[in-house]
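Worksheet: the structure to be examined is printed underneath.
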Amino acid sequence: MEERILEVRDVVKRFGGLVAVDHVSMDVYRGEVLGLIGPNGAGKTTLFNVITGIYKPEEGTVRFKGMDITGLPPHQVAKLGIARTFQLVRPLKNFTVLENVVVGALQKSPNLGDAVEKSLEILELVGLYEKRNVASGSLTLVEKKRLEVARALALEPELLLLDEVAAGLRPKEVDALVDMLREINKRGITMIMVEHVMRAVMNLSHRIVVLHHGRKIAEGTPQEVANNPQVIEAYLGTGVE
Amino acid sequence: LLRQRGGGEVTEIKVGVILPLSGKLAETGADLRDGIEFAVDQINSQGGVKACGGVPITVVWGDSAGKPETGASEAERLITQEKVVALVGAYQSAVTKTASEVAERYHVPFVNPDSTSPALTQRGYKWFFRVTPHDAMFAAQQVEFVNWLNQKFGNQIKTVAIIHEDSEWGSKVAEAWQQAFTQAGYQVVKVVKYHAATVTSLDSEVAALKAANPDLLLVAAYVQDAILLVRTMKAQNFAPKAVLAQDAGFITPSYKEQVGADGWYIFSREVFNWDLLEKISRLKEVNDAYKAKYGKDLNGNSARDYTGMWVLYYALEEACKKAKPSDLDAFRSALRDALANLNIPGDKLIMPWRGVKFDANGQNTLGQGIVVQMMEDGKYYTVYPEEFATKEPVFPMPPWTERGG
Amino acid sequence: MAELLKVENIEVFYGEFQALYGVSFHVDEGEIVALLGANGAGKTTTLKTISGLLRPRSGRILYEGRDITHTPPHKRVEAGIAHVPEGRGIFPWLTVMENLKAAAYVKRARERFEETLEFVFSLFPILKERRDQQAGTLSGGEQQMLAIARALILRPRLLMLDEPSLGLAPKLAYNVIMLTKQLRDEGYTILLVEQNVRLSLKVADRAYVLETGRIVKEGSSAELERDPMIRAAYLGM
Amino acid sequence: MRTGWSEIARQALSLPVLVAAFLLVVTPFGLYLADLPFIANMMFLSLMYAIAAMAWNLLMGYTGQLSIGHAVFFGVGAYTTMILVVYYDVTPWIGMFVAGAVAALVGLGLGVPFFRLRSHWFTLATIAAGEIFKLVFNNWEYVGSSAGLQMKIVPEGKALYYLQYAASYVYIYVALLVLAIELVVLYRIVTSREGFYLQAIREDELAAKTLGINTFKYKMMAMGISAFFTGMAGALYAVRYHFVEPAAVFDVITVSTYIAVAGIIGGIYHFAGPIIGSFIFLPAAEYVRVTIVARFPRLFGLHVFVLGVVLLVVSLFAPDGILGWMEKRGYIRRRRVIEV
Amino acid sequence: MVSEIDVISAIINGILVGSIYSLVAMGLALIWGVMDVINFAHGDYMMLGGFIAYALYLAGLDPLVAVPVAFGAIFLTGVATQRLVINPVLEAPLVSQIAATFALLLMIRYGAEAAFGPYTRLVKVSYAETIHLGGITIFVPQLIGFVFSIFVALLLYLFLTRTYVGIALQATSQNREAAQLLGINVKRMYDLAFGIGVGIAAIAGVLLTTFYPLFPEEGGFFTLLAFIIVVLGGFGSVFGSYIGGLIIGVVETVSALFITPSLKDVVAFIIFIVMIMVRPTGLFGKKE
Ligand SMILES: Nc1ncnc2c1ncn2[C@@H]1O[C@H](COP(=O)(O)OP(=O)(O)OP(=O)(O)O)[C@@H](O)[C@H]1O
Ligand SMILES: Nc1ncnc2c1ncn2[C@@H]1O[C@H](COP(=O)(O)OP(=O)(O)OP(=O)(O)O)[C@@H](O)[C@H]1O
Ligand SMILES: [Mg+2]
Ligand SMILES: [Mg+2]
C-alpha cells in the first residue's frame, strides 16, 4: 500500500480572479479509495479536470506512477490508465449500452469479441446487463451514472475518478453501489471518489481529503474527518446522516 | 436520325443545336434559340436545302444548362442518337470546348456562331468552324478605333487602363487588349481584375484606376458590375477621356434601362446594333419579319446565331452536291469540306462583316465588330467603322460634374 | 383544504415504453407532498407530465379545478406551477443574474422581482457573490442552487422540486429541504421528489410511493415512516 | 476486429449485391447497343456522384462532420489528373490515384485547422474552403486560370493510355472500377474498430476523448479517406470530359451541395444510402430540368425551385433519407456494429 | 503607389459597405444563437427586402420607406417559415436542418427568378450624390445606410439585453426545456428570433438597394459573408457580428488596394481560417 500512484503537488487553477484550486497537494496510494469531499464550489471537479487533462493548471504538477502528466491531453491521460466519470453524464446517446462500453473496452482489447465479452462482464458488475441493448439515451439518470462507471471500467484503468456517482440514489441503492465499488476496488483499481452522499464516502473510503475554497482543510480516516470541527462547520453541518 | 424514305432518300436534314436553355444564362439562351429558329424557318420556307431535293432542315435542341459536362453529353446524344449532320452552338466558351471536342472525335462538323475565346480556334481541330470574330480580333480592331479617334481629335489618348472580371471571358479579353494596345504603342498603366460573382463594391478598384489616371479605360464586365462600375466612377468623379467597353454587361437590356444618363458617352464594342438597319439593306427586312414573329428586335446574340445557321445552310447546299445525306459519314465529311471552302460575300449577311471565309483553324477571317456609343437619348449609335456609322462620336467624355441628367 | 392539484389516471409513454400506469394522486393547498420511489419508478416522469413537458396518452390533470391536460407548459407556469427539473437546466451562457431575470419573464414573477431577489440571495449568498459569473461555469452544487432560486423567482403557487438536494453538500442539502417548510409556511404548496427519504418524510405532510409506474402506497408521513416496507427500502434500516 | 477478406467476399457474394453488380455491369453495354448516350451519361454521373457521396458520408454519417466543401477535393482531384496528363503526359490510369492522394493531402491540411471546430462551425469552414479554392484556381495561371485546361485529342491508337474514347460507355466501366475499390475500402473501415470509434465521435466527441480515443487522429483519418475518394470522383470528371475549369469543378451548388444532397436523400446512416441517393437524385434533377425547361422556357429558375420543394419535402417527411424511411417502416434494418 | 488618402478612403468605404454586411450577419447570428439553426437562405430574405424596396420605388415612393414595410412583411414571412419549415426540423439532426434551409434557399432564390425574371434592377434615389472631403468620397445613400444600420443594431442590442423578452430569447437559446419551465413560450421565441433575424436582413436588403444593383441571386454571397462574420465576431454575440461586418468590409476594400481585387475575398476567407485557428470562439464569442 505504500506505492504512490498519483502525486498532486501544489496545484493551482484560477478562473479570472477566482482561485478554484489553491495550492492543493495530495497523494494517492495504490489500491486505496480516497474520498474527496467539500462544500459546493470547493474545487473538487476542477481538480479532477486538472488530473485528467481537461484543464491545465497554472501552477503545480500532477504525477502518475512517477511520470509527469501535467497538461497532457485527455485521451493520452486515459491511455495511461486514468479513467473518470462525469458529474454531468454524457452517454453516446444513439449507441446501445453495450456499445458505449465496448468503445472503452476496445482500447485495451482490440479484438471485438474480447471487447464485447469484457464489456458484458462489466455490465453485469454494474447491474446494467439487462439493458445492454437499450439505447443509452433512454436510461434514467442513475442508470446513466452506472453506465459512466462501466465505461470508465472498460478502459481497465489503474486509477478511477468518480464524480458524484451516488447522487440521486436511495440508501439501499447506495449500499448496492458501495458493494459494487468495493468489488471493483478489490480487483486492484485505485479510486478517488468525489461524493456528497456520506453513506457512500464514509463506508468506502480508506482516507478522505477535504477541500474548502480550493484549499485542503483536512485529511485523514473517515472517522477523523467526520469529527473534525472545521469539517463539520464548513461541510457536514448537523442533522444529516 | 436521317429518316429513310423508300429507297434511301431523306425527308429532312437534322441539325443539332446546343444552347444554355436553362441555368444562369437561360435568358441569353432564349435569344440565341430565337435567332436559330427564325433562320431555319426562313430557310425552309424558301425551299429547304435545294441541292438535296428541297428537304427541310430540322433542329434538334440540346440544353447545356451552361455546364461543360452537360454540353458534352448533349453533343454525344445529338450525334449518336439523333444522328444529326452537324452541331451548332454553344455560346459559353467552356461549353463550346467540350461539345466541339466530342464532335471532333466523332468527325462531325461543329459551327460556332457565338463564342469569342481565342483559344477555341487554336486547338488544331479539323471539324470546328467559328463564324464570329474572337476577342483578339476585336482587340486589334479596338486599337484601330482608338487610332482613328486620335487622328480625328488630335492624339489625346496615350495611356490605357483595363478593368475586367476574372472569368475566362474577361481574362482573355484583357489579355488580348494588353497585347494589342502595348504593341500599338500605347502605355497600359493599370490592370484591375475582380471577381464578378462576389463583387459588392468597386470603390477600391475605381480608386486604383483613378490614381493611374489613364486617358482611356477599357472594361470587360457583366451587367451588375457594369452598373456598379459606372455608379462608382461617378461617385468618385473619375472621368477618363473615353471608356470603351467590351459589350456583355454594357449592352444588356437591364443595363440600358437602368443606368440612364450615367451611361452616356460610354463606348462599347458590339457585333450588332439596331441602327445597322439603315446601313445593311437585307437587315431591315429580316428584322421586320423577326420582330413581327417574336415581338423584339434582333440583337448581337440572336443576329449572330441567325447568321451561323445561314452559314451552315450555304455549306449544306454545297455538301449535297458531293454526297448523299443518307450516307451519314460521307455527308458529314462533305459538309466539313464545304465549310472549309466556303466564301460568302458580306452583302449576303445581315452582320456588318466583309463576309465569311474560314482559315485553316476554322476561324472566319472576314468578321469584324463595330463600336457604338450611348448618346443623350439613352440609345446606342454606331460610330465606327465609318461605313456603318450613324453618328459622330462624342469625345472626350464630358466630366461628371458637367452633365445634366 | 382546497385541492390545488389533482392527477387522474395518467398513462405516459416514451415511444413504445410505458412509464406510468394510471397514476392518480392529489395535492392540497398549503401541503408538502413527497413522491417516493426507487430509481426508474417514474417520479421525474410524473413531474414532467404535470409541468407539461410530457403529454399523457390518457388521464387528466386538474389544477385549481381546471383541466390543464392540454395546456402548454408556459401557460401552466403563468398559472403558478413551477418545476425545478432534475439535472438543473440552467442557462449556461447567461450570467447568474441573467438566469434569474429570465425567470422574471412571466408577469406574476416580474411584479415582485426585486423583492424575491432579496429573499433568494439571502437563502443562497454564494449566488449573490457570483451574480456576474457565467452560470455554466458554476460548480455542480451552485448550479443546483441557481435552479431552485430561479423557481422561487417565479412566485409559484405549486412548487415541484425534483431531487433538489442532488449534488449539494450535506449541510446545504439539509438547509434546502428544511427550506420547503419555511416556504409552506409562507403559503406555497410543494410537491417534493427527494432521494433523502428520511428528511423528506420529516418535512412532508403526506407521501405517495411509486413503483414501476404505479402508486403502491399513500399516507401521512408519520404512517409511512412506521411502515416496515418503507423502512427497509427507503430508509436503509 | 477488422473485417476479414472472407467476410467481405461473403458480403460481396450475397444475392442483392450480386444482382446489383450484375445490373451495373450489363446496363452500360445494353445502353450502348440501344444507343442511349443520354442515359449512359446519367449513369456515369450518378456513379461519379455516388463515389463522392459515399466518401462524403464517411465524414457525415459515420463521424458526424458535415462538409459542404467537398468540391475542394473533387476539384483538386480533377485538376491533378488533368495537369499530369496535359503537362507531364502521365496516363490518367495513374493520374486518378495520384489525384486521390493529392486530394487526401489537401484534406489533411484542411483538417488541422478545421477539426478545432465543431458542428456548424466545421460546416461553415468547409464552405469557405470551397470558395477559396475556386478563387485561387481562377487566378492561377499555371492551371489555366478561369479558362481551365483541356486535353488534346490523341490518335486512336493511344486511346487506352489517355483514356480517350468517343463513346461515353467506356467511362462507366472506369467509374464502376473506382466504386468497387471504394466500397471495399469503406466497408472494411466502417466495420472495423476505427469505424466504431468514428461513430463514437459522432455521438459525443468529449465523451469519446475521455474513453481514450484520439478523436483528432480518427477524424483526420476519415477526412483523408473521404478526400481521397472524392478526389478520384473528380479525376473521373476530368477523365470523362477531358476538360476542367474552376467554375465547373469547384462549384458550391453542383458539386459540394449535390454530393451532400445525394447522401441525405439516400440516408446518411446507411452504408449504401449515398449510392441509392445518387442514383435517384441526379437523374431526377436532370429529368425535372429537362421537362420544365421544355414546358416553361421563360420561367428561368423554375426547375431549381422545384428541386428546392423536393428537398424540403424530403427533409420534413423523410429526414433520414430513403433508407432511413424504409428502416422506420421496417422494410430494412440498419446493421449495428455489435449485436449480442 | 497607394497613397494615404486612398487607404483612408478605402477604410471609410469599407465601413460603409461593411455596415450592411453587419446587419445581415446580426440577423443570422440571432437565428443561429436562439434556434441553433443556420439559415442558409438568409441572404435570400435580404434579396426579398430589396424587391420590396424596388416595388415601392416603382410606385413612386422613396425606397427607404420600405424599411418598416420590408421589416414587417419579411418578419411575417419569417414567422411563417419558422412554423412551417424550421420548427418541424428543430429536433432533427444538423444535416436535415441544413437540408431544409438549403431547400428554402433554392425556393426563394429561384422562385424569385421565375417570378421576376433574372434581370438586374437599379433604383435611382434623389439623394444619390457624393460628398467630397479632401480626396475622400462618400456616396450619400451609403452613408444613410450606415446610419440606419447603426440605429437598427443599437435597437437590437437594447432589445436583447435590456428587455425581459430579450433575455427570454437568450435563455431559450441555451435550454429549451428549462425556458419552458420558466413560463417562456418557446415557440413564440422561435417565431420572434426567426422573424426578427430575417426582418433585419430585409432591412439590409432595402438599404443595399439604394446603392447596389438588385437581382434575384444577390443573396448568395451575402449569406456566405454573414457566415464568416458571425464566426469572426463570435457566436451568440450580436455586437460581435456588427463589428465583424465592419472588419470584413474594411478588409475587402483595403486589400483590393494592395492585391489584385479578384483575390480580395480570399483575404477575407483567410482571415476567417486564421481566426478559427487562433480563437475559435471569435472576437467576442462565448461559446464554441
Ligand atoms: N470555467 C470556470 N470559470 C469560472 N469559474 C469557474 C469555472 N469552473 C469552475 N468555476 C468555479 O470554481 C469553483 C470550483 O468549482 P468546482 O466545480 O470544482 O466545484 P466542486 O467542488 O466540484 O463543487 P460541487 O460539489 O458543487 O460540484 C466554483 O465556485 C465554480 O463556480
Ligand atoms: N427519454 C426517455 N426515453 C425512454 N424511456 C425513458 C426516458 N426517460 C425515462 N425513461 C424511462 O421511464 C422510466 C421512469 O423514469 P423516471 O425518470 O421518471 O424515473 P425516476 O423515478 O425519476 O427515477 P430516478 O430516481 O432515477 O430519477 C424509467 O424506466 C426510464 O428508463
Ligand atoms: Mg463538482
Ligand atoms: Mg428522476
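What's counted below: heavy atoms across the whole structure, side chains too, no hydrogens, waters or symmetry copies. Just so we're on the same page: letters track the sequence lines, and every chain starts at 1.
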Hey, is [atom1] on [X] packed in by over 12 heavy atoms from elsewhere, all under 6.0 Å?
X: Lys296(B); atom1: NZ; result: yes
X: Tyr287(D); atom1: OH; result: no
X: Lys293(B); atom1: NZ; result: yes
X: Gln122(B); atom1: CD; result: yes

Close side-chain approach of [X] to [Y], heavy-atom, < 4.5 Å:
X: Glu165(B); Y: Ser146(D); answer: no
X: Ser171(B); Y: Ser145(D); answer: no
X: Glu286(D); Y: Thr70(B); answer: yes
X: Phe38(D); Y: Glu74(B); answer: yes

message = Is Ser168(D) close to chain B through its backbone or its side chain, or both, or neither, when contacts mean heavy atoms under 4.5 Å?
response =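 Contact with chain B involves both backbone and side-chain atoms of Ser168(D).
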request  = Below 4.5 Å from any heavy atom of chain B, which atoms of Ala167(D) appear? Answer side chain, backbone, both or neither.
outcome  =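 Both the backbone and the side chain of Ala167(D) come within 4.5 Å of chain B.
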[X] portion near chain D, given a 4.5 angstrom heavy-atom threshold:
X: Ala119(B); answer: neither
X: Ala72(B); answer: side chain
X: Ser117(B); answer: neither

Between chain D and each of [options], count heavy-atom pairs under 4.5 Å; write down the option with the most.
options: Ser167(B), Ala65(B), Ser22(B); answer: Ser22(B)
options: Ala26(B), Ala30(B), Ser93(B); answer: Ala26(B)
options: Lys172(B), Arg77(B), Arg123(B); answer: Arg77(B)

Residue-level interface, residues 128-140 of chain D with chain B, non-hydrogen cut-off under 4.5 Å =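 Checking residues 128-140 of chain D against chain B gives Leu135(D), Asn138(D), Asn139(D).
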key: Which of His303(D), Gln164(D), Arg240(D) touches chain B most, by non-hydrogen pairs under 4.5 Å   =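 Result: the option with the highest number of such pairs is Gln164(D).
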query = For the side chain to side chain contact (heavy atoms under 4.5 Å, CB included) test, which of Phe243(D), Phe44(D), Tyr241(D) pairs with Glu69(B)?
reply =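 It is Tyr241(D); the other options fail the test.
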query = So how far is it from Ile39(D) CD1 to Gln81(B) CD, rounded to the nearest 0.5 Å?
reply = 7.5 Å
ask   = Quick one: do Asp63(B) and Arg289(D) make a salt bridge, cutoff under 4.0 Å?
value =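 Here Asp63(B) pairs with Arg289(D) in a salt bridge, since their nearest N and O are under 4.0 Å apart.
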ask   = Which residues from residues 97-110 of chain B are near chain D, with near meaning under 4.5 Å between non-hydrogen atoms?
value = Lys97(B), Thr98(B), Glu101(B), Glu104(B), Arg105(B), Tyr106(B)
